[in-house]
Amino acid sequence: MHMSQRLDENQGRSDFFSSIKTLAFGFLAERFEGLTTGLGAHLIRPPGALDELSFLSSCTRCDKCIEACPQDALIKADAKTGLAIGSPHIDPRRTPCFLCTELPCVTACPEGALVWPTRLTHGGFNRSGPEAVFIGTAKIASDLCLTYEAEGRAASACQVCVDRCPYPNLAIKMEFNEEHTFAHPEVVSEFCTGCGLCVFGCPTDPAAIKIIPKQQLN
Ligand code: SF4
Ligand code: SF4
Ligand code: SF4
C-alpha cells in the first residue's frame, strides 16, 4: 500500500472520529442546556448561528466572533446563563445586536458555526445579510407594556420599540384597536430578526418586550 494512501485512510479515520466526538460534545452540551431550560430563556445566539445542536458541535469557543463585534454585543456564556459554558450569546437588555452591514461576527467565524444569513419570505423574496438575520422573535408582554391598562396604572402612549427597530412598520408596527385608547405594538415575525434593539429601548422594568430565541420557537 502506498504511503500517501495509508495517510489518507488514517486522516479519514481521524476525521471520522473527530466528527463523532464533536457531534457527541454538541449533543451533551445541548442536553445540558435542556436541563437548565429557563435560565437561558432570554439569551440569543449570534447572527447566522446554525441550529442549536449543529452550532454547539461546530463552535470551538475560539472567541473570534466576540472579538470581531464592534458593539461588544457578544458575550461568553457562564454557568449562570444555562447555555453551554464559553459559547457566545447576546443578552439584549445588556447590549443588543446592531445588525452591522458586514456582519463581522459571521465573517470572523472560522468553523462555519455562523453562516451568512439568507431568509425566504412568504412572497418568495429571498433576503440576505443583516435583514435576513433570524436569531429569535420579539414578543410583547401586554401586562407590562405601557400602551395597555394594567393594575394600578392607566394606559399611555408609547412606541419606543417601534422607533428603535431597524425595520419599523415592517418587523414591528403600531396597531390601533377600537376597544383601546392607545395603539399597541405588534411584531411581524416574518420580518423580525431578533436583534433586541426594541428590548434594549423599552422603558419598562422588566422590559415589556422580549426575544424568544430561535431555538425555543416551534
Ligand atoms: S452583527 Fe454586529 S453588533 Fe451584531 S453581533 Fe455581529 S458584530 Fe456584533
Ligand atoms: S417600548 Fe415597551 S412599553 Fe413602550 S410600546 Fe414598546 S413594549 Fe410597550
Ligand atoms: S422587532 Fe425588535 S427584535 Fe425584531 S427586528 Fe425590530 S428591533 Fe429587532
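Here the structure is a predicted model, which means the values were calculated and not measured. Note that the numbering runs from 1 along the sequence shown for the chain. One-based numbering, in listed order, for ligands and for the atoms of each.
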Checklist outcome for this item: For T147, the ligand 2 atoms with a heavy-atom partner under 4.0 Å come out as 5 (S)

Checklist entry - Should R45 and S87 be marked as a side-chain hydrogen bond (donor to acceptor under 3.5 Å, both in side chains) after you check the CA-CA gap, both sets of side-chain angles, and the distance that decides it? => result CA-CA 9 Å; R45 290 299 183 196; S87 59; 2.9 Å; yes

Next on the checklist: Test of understanding: given a 4.0 Å heavy-atom threshold, classify the contact between P185 and ligand 2 as side chain, backbone, both, or neither.
Outcome noted: side chain

Checklist entry - Applying a strict 4.0 Å limit to heavy atoms, is P70 in contact with ligand 1? => result yes

Next on the checklist: Can you report which non-hydrogen protein atom sits closest to atom 6 (Fe) of ligand 1, along with the distance?
Outcome noted: C105 SG, 2.3 Å

Next on the checklist: Heavy-atom contact check, 4.0 Å cutoff: does P104 meet ligand 1?
Outcome noted: yes

Next on the checklist: Among all the protein's non-hydrogen atoms, which is closest to atom 8 (Fe) of ligand 2, and how far away is it?
Outcome noted: C145 SG, 2.4 Å

Checklist outcome for this item: Nearest non-hydrogen protein atom to atom 4 (Fe) of ligand 1, with distance, is C97 SG, 2.4 Å

Checklist entry - If you measure from each non-hydrogen atom of L74 to ligand 1, which part falls under 4.0 Å: side chain, backbone, both or neither? => result side chain

Item to check | Residue L103 vicinity, atoms of ligand 1 by number, heavy atom under 4.0 Å | outcome: 1 (S)

Checklist outcome for this item: Taking only non-hydrogen atoms of F98 and a 4.0 Å limit, the atoms of ligand 1 in range are 3 (S), 4 (Fe)

Item to check | Which residue and heavy atom of the protein sit nearest atom 1 (S) of ligand 2, plus the separation | outcome: C161 N, 3.4 Å

Checklist entry - Relative to the heavy atoms of T204, which atoms of ligand 2 are at a distance of less than 4.0 Å? => result 3 (S)

Item to check | Option set L146, I172, D163, I140, criterion heavy-atom distance to atom 3 (S) of ligand 2, minimum | outcome: L146

Checklist outcome for this item: Any heavy atom of P47 under 4.0 Å from ligand 1? The part involved is side chain

Item to check | atom 8 (Fe) of ligand 1 contact by C65, N, O or S atom under 2.8 Å | outcome: no

Checklist outcome for this item: For V160, the atoms of ligand 2 under 4.0 Å from one of its heavy atoms are 1 (S)

Item to check | Shortest heavy-atom approach to atom 5 (S) of ligand 3 - which of T193, I135, V188, I211 | outcome: T193

Item to check | Close approach of P168 to ligand 3, heavy atoms, under 4.0 angstrom | outcome: no

Item to check | Contacting atoms of ligand 2, where contact means under 4.0 angstrom from a heavy atom of C158 | outcome: 1 (S), 3 (S), 4 (Fe), 5 (S)

Next on the checklist: What protein heavy atom lies closest to atom 2 (Fe) of ligand 1? Include the residue and the distance to one decimal.
Outcome noted: C100 SG, 2.2 Å

Next on the checklist: Let me check your reading of the structure: within less than 2.8 Å of atom 2 (Fe) of ligand 2, is there an N/O/S atom from C202?
Outcome noted: yes

Checklist entry - Looking at C69, which atoms of ligand 1 are within less than 4.0 Å of one of its heavy atoms? => result 3 (S), 7 (S), 8 (Fe)

